[in-house]
Amino acid sequence: MSAATDGIREGRFLQSASARRLLSRPELGSVVGAVAVFVVFALAADSFLRASSLSTVLYASSTIGIMAVPVALLMIGGEFDLSAGVLVTSSALISSMTSYQLTANVWVGVGVSLLATLAVGAFNGFLLTRTRLPSFIVTLGTFLMLTGMNLGFTKLIDGTVSTKTIADMEGFPAAHAVFASTLTVGGVDVKITILWWLALVAVASWILLRTRAGNWILAVGGNADAARAVGVPVARTRVALYMGVALGAWISGQHLLFSYDVVQSGEGVGNELIYIIAAVIGGCLITGGHGSAVGSAVGALLFGMTSKGIVFAEWNPDWFKFFLGAMLLLATLLNHWVRKRAEAAK
């Protein structure tokens, strides 16, 4: 009898521990929201469940998710980057104009763009750590400078607000295959950006959950002073996080360029808010120290499902921003409630 009672108690304890672990997952709220949105559009639009439609949804999600992943890691580390949207355009412009002006293989422009984009990320992180200014101010300044440079240099070099076509240059087909190709899987067209997105989620999750660097990111976002006191390289961690955002911007910028072979210098303004929204919907706290790469992916998926689901359901697209704002508020409230329940269950 005693053994049976002990077994029941042990089973209840394991169930309680499993429930606490589930409630403590930062992406729980966004997963619940994603399931709800999926069901709504599956019922509202007959075409939503078609393989081609789901592929379109995943593509829309991936173009946001590639940037949402490093932005989420940066937010977990307690910082923001308001220049992320225009940095994507800067990356594409540098690659295009370098290749065109040097009449070189497009891979030369791709390489120069990578170095320049990473340099911008390092500049953001270095300035932040040296001046101790809020990341909002530092990256707002970078945002304004990049916005002006994108337009100014494009008009100065090309004479218009868009770059010249590089589709006929050496190396373009190979670069297009890497950054903008379409694969056929089971008769369904799948954009390669989806693979880039999934790879970034996997790498970021491994860093956050399995490496010392992941512990540093969580520690810096939770309490930078306490982290510094126990030997965490706070400055180096922040610089690396900003360079991670720059890497995501480079990948997105090359996709933008090799998808259309020309770039409009005014693109990207406002996209930084979309990346932040995807990360917040996915469970990242504004104050830092909490979140996950998987959550940011679910947040991006929610964005993709909503933006394309409204079209498939033939709803008025003017309401898109309303649904996006409602999702942000509901996901934030749900994440707050889940976190409180998890803390109370400890």
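- Counting heavy atoms from C-beta outward, S61 and M305 have side chains that stay 4.5 Å or more apart.
- The minimum heavy-atom distance linking V298 with A34 is given by the pair CG1-CB, 3.9 Å.
- Using a distance-only test at 3.5 Å, with no hydrogens or angles considered, a donor-acceptor pair links the side chain of S265 to the main chain of V161.
- In this structure, a donor-acceptor pair under 3.5 Å is absent between the side chains of T89 and N150.
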Inset, instruction - Run the numbers on L256 and E267 for side-chain contact (heavy atoms from CB on, under 4.5 Å), then give the verdict. - result: CA-CA 10 Å; L256 176 66; E267 293 185 25; 3.4 Å; yes

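- In this model, a donor atom of one side chain and an acceptor atom of the other lie less than 3.5 Å apart for D81 and S83.
- Residue pairs that meet the ring pair (Phe, Tyr, Trp, His ring centres under 6.0 Å) test with at least one member in residues 84-119, sequence neighbours left out, do not exist here.
- Using a distance-only test at 3.5 Å, with no hydrogens or angles considered, no donor-acceptor pair links the side chain of S113 to the main chain of G109.
- V269 and L151 fall into different hydrophobic clusters, where Ile, Leu, Val, Met, Phe, Trp and Tyr side chains are chained together by heavy-atom contacts under 4.5 Å.
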Would L93 and F153 count as a side-chain contact (heavy atoms from CB on, under 4.5 Å) if you check the C-alpha gap in whole Å, the side-chain angles of each, and the deciding distance to 0.1 Å?
CA-CA 9 Å; L93 290 170; F153 274 115; over 6 Å; no

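- Remark: W196 engages F179 in a ring pair (Phe, Tyr, Trp, His ring centres under 6.0 Å) (not counting sequence neighbours).
- A heavy-atom distance below 4.5 Å is found between the side chains of L82 and F136.
- When all heavy atoms of A300 and A278 are compared, the pair lying nearest together is N-CB, 3.9 Å.
- Annotation: the span from L58 atom CG to I194 atom CD1 amounts to 4.5 Å, rounded to 0.5 Å.
- Other residues, nucleotides and ligands place no more than 12 heavy atoms under 6.0 Å from the CE atom of M149.
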Given the rule in the side-chain contact (heavy atoms from CB on, under 4.5 Å) test, do T306 and V37 qualify, once you have shown the distances and angles that lead to the verdict? CA-CA 7 Å; T306 303; V37 170; 4.1 Å; yes

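- Atom CG of residue L208 and atom CG of residue N215 lie 8.5 Å apart, to the nearest 0.5 angstrom.
- Under the 4.5 Å side-chain heavy-atom criterion for Ile, Leu, Val, Met, Phe, Trp and Tyr, L241 and L114 are members of the same hydrophobic cluster.
- Interatomic distance, CD1 of I157 versus CD of Q101, reported as 5.5 Å (0.5 Å rounding).
- When side chains are defined from C-beta on, F80 counts as touching I286, because their heavy atoms get closer than 4.5 Å.
- Looking at N105, its side chain never comes within 3.5 Å of a backbone N or O of V108 through a donor-acceptor pair.
- Using modelled atom types, no side-chain atom of S181 and backbone atom of V178 make a donor-acceptor pair closer than 3.5 Å.
- T163 places a side-chain N or O within donor-acceptor distance of the main-chain N or O of V263, the cut-off being under 3.5 Å.
- If you run side-chain contact (heavy atoms from CB on, under 4.5 Å) between S96 and each of V110, V262, D158, L257, only L257 comes through.
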For residues 40-55, which side-chain donor-acceptor pairs fall under 3.5 Å, sequence neighbours excluded?
residue, atom, partner, partner atom, Å
S53, OG, S47, O, 2.6
S55, OG, D189, O, 2.4

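- At distances below 3.5 Å, not a single donor-acceptor pair connects side-chain atoms of T184 with backbone N or O atoms of G187.
- Between the OG1 atom of T237 and the CZ atom of R212 there is a distance of 11.5 Å, given to the nearest 0.5 Å.
- For S259, the side-chain hydrogen bond (donor to acceptor under 3.5 Å, both in side chains) criterion is met by H255, not counting sequence neighbours.
- S135 places a side-chain heavy atom less than 4.5 Å from the side chain of Y242.
- In terms of modelled atom types and a separation under 3.5 Å, the side chain of S91 and the main chain of L87 share no donor-acceptor contact.
- Using a 4.5 Å cut-off on side-chain heavy atoms (C-beta onward), R238 and V220 make contact.
- In the hydrophobic clustering of ILVMFWY residues, with side-chain heavy atoms under 4.5 Å counting as a link, V57 and I64 come out together.
- For the salt bridge (charged side-chain N to carboxylate O under 4.0 Å, His left out) test, no residue two or more places apart in sequence or in another chain qualifies with E272.
- Remark: E79 CD to L73 CG distance equals 13.5 Å, nearest 0.5 Å.
- When hydrophobic clusters are built by joining Ile, Leu, Val, Met, Phe, Trp and Tyr residues whose side-chain heavy atoms come closer than 4.5 Å, directly or via intermediates, L118 is grouped together with L74.
- At a threshold of 4.5 Å between non-hydrogen side-chain atoms, the residues K191 and W197 do not count as touching.
- At a threshold of 4.5 Å between non-hydrogen side-chain atoms, the residues Y59 and V190 do not count as touching.
- Placement of L273 and F303 in two distinct hydrophobic clusters is found when ILVMFWY residues are connected by side-chain heavy-atom separations under 4.5 Å, directly or transitively.
- Counting only distance, with no hydrogens or angles, the side chain of S292 and the backbone of G295 share a donor-acceptor pair below 3.5 Å.
- At least one donor-acceptor pair closer than 3.5 Å links the side chain of T63 to the backbone N or O of A60.
- Remark: side-chain polar atoms of S296 are paired, donor with acceptor, to backbone N or O of A293 under 3.5 angstrom.
- Shortest non-hydrogen contact noted between I76 and G291 is CD1-C, 3.4 Å.
- For the atom pair L127 CG and R132 CZ, the distance stands at 13.0 Å (nearest 0.5 Å).
- Taking all atoms of both residues into account, the shortest heavy-atom contact from M169 to S99 is CE-O, 3.1 Å.
- With sequence neighbours excluded, no residue forms a side-chain hydrogen bond (donor to acceptor under 3.5 Å, both in side chains) with T117.
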- Task: Evaluate the side-chain contact (heavy atoms from CB on, under 4.5 Å) criterion for residues Q264 and T154: first the C-alpha distance (whole Å), next the side-chain angles of each, then the deciding distance (0.1 Å), finally the verdict.
- Result: CA-CA 9 Å; Q264 298 292 327; T154 305; over 6 Å; no

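- At a cut-off of 3.5 Å, with distance as the only test, no side-chain donor of N124 or T139 sits close to an acceptor on the other residue.
- Residue R228 qualifies as enclosed at atom CZ: its count of foreign heavy atoms under 6.0 Å is above 12.
- The two residues V201 and A297 make their nearest non-hydrogen contact at CG2-CB, 3.8 Å.
- Side-chain contact check for W216 versus R236: some heavy-atom pair is nearer than 4.5 Å.
- Of all heavy-atom pairs between L146 and S90, the closest is CD2-OG, 3.8 Å.
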